[in-house]
Amino acid sequence: MATATYPPPPPYYRLYKDYSESPSSVPEPPSPIEGSYVCFGGNYTTEDVLPSLEEQGVPQLYPNDSNVDYKKELRSLNRELQLHILELADVLVERPSQYAKRIGDISSVFKNLHHLLNSLRPHQARATLIHVMELQIQQRKQAVEDIKRRREEVQRLLKDAFITLDGQ
Amino acid sequence: MDIISQLQEQVNSIAAITFNVFGTLQRDAPPVQLSPNYPDPPPSAPTTDEPKQLSADLVKAAKQFDALVGALPLSDGGEEAQLKIIAQLQMENHVIGQELHKQ
């Protein structure tokens, strides 16, 4: 089995020869990329935004102005989905040539459902952040308490040691 | 798995059950007489229970979805309330960090 050698490290190390003498004469690392960039033949953007439904050409079935009540809308979309499935079954029995519209309706209900769920993700991210920060605050408080306690104990031990030394 | 991923999985499984239901119905349907010129179809009796089971599965999956929606912990009033809480926590964190540093 043929093994390939690793590629050599990039040749930029020569530029940093004088770093120990003059740290400011060497090139800075490149700043982070903004906007869109090309990676392995694909275009990526640095802004991760959920494209709205109108851009995908799907009618939006739930009202959206700020503060959508997610639970209510998810439940009503679920009921509407069930109704559409039943409608499709009926259409297949009675007027089989009109199935395409019903299928379009069902797929748009599914797309709405997924879009709603995806728009919950930023909320989840913020909630996770809040949780992690609360934990961190608690840990720091605990650390402060511990340090205070240990320091008092050390002082007490030192005082006792001095007393015993003086007593001798 | 977190609740939003569970909800997404549930939506996908509802879709899967739906097309299984319709596929089974179309595959196993007995022949039906469309016009009186042709003789009656032979009375073949497909007595499998599968469509009933599948539709029961569909209803169960939809109920599960509703239950999962009920379990969503959406306590906050929205984005601004969360951002305010985050700013407040950040300040508290900073104060305690400085105290820790002093110790």
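The chains referred to below are lettered A, B, ... by the order of the sequence lines, with proteins before strands, and numbering in each begins at 1.
- Contact of B:S55 with chain A is not made at all, since no heavy-atom distance falls under 4.5 Å.
- Heavy atoms closer than 4.5 Å to chain B are found in the side chain of A:L92, but not in its backbone.
- Just one residue in the list A:L113, A:L116, A:N78, A:V109 forms a side chain to side chain contact (heavy atoms under 4.5 Å, CB included) with B:V11, and that residue is A:L113.
- Distance alone, capped at 3.5 Å, places no donor-acceptor pair between the B:E50 side chain and the B:T24 backbone.
- The environment of CD in A:E87 is crowded: more than 12 heavy-atom neighbours from other residues, nucleotides or ligands sit within 6.0 Å.
- Under the 3.5 Å distance criterion, the side-chain polar atoms of A:R140 are matched with a main-chain donor or acceptor of B:N93.
- Looking only at heavy-atom pairs under 4.5 Å with chain B, the residue among A:I106, A:L81, A:I85, A:I147 that has the most is A:I85.
- In this structure, chain B has heavy atoms under 4.5 Å from both the backbone and the side chain of A:L117.
- Between chain B and the options A:R79, A:Q82, A:Q124, A:E134, the largest number of non-hydrogen pairs under 4.5 Å is found for A:Q124.
- Under 4.0 Å is where a charged nitrogen must lie from a carboxylate oxygen, and between B:D66 and A:K71 no such pair does.
- Proximity to chain B involves both the backbone and the side chain of A:L120, based on heavy atoms less than 4.5 angstrom apart.
- When heavy atoms are compared at a cutoff of 4.5 Å, B:Q26 approaches chain A solely by way of its side chain, counted from C-beta outward.
- Not a single donor-acceptor pair under 3.5 Å links the side chain of B:H94 to the backbone N or O of B:Q90.
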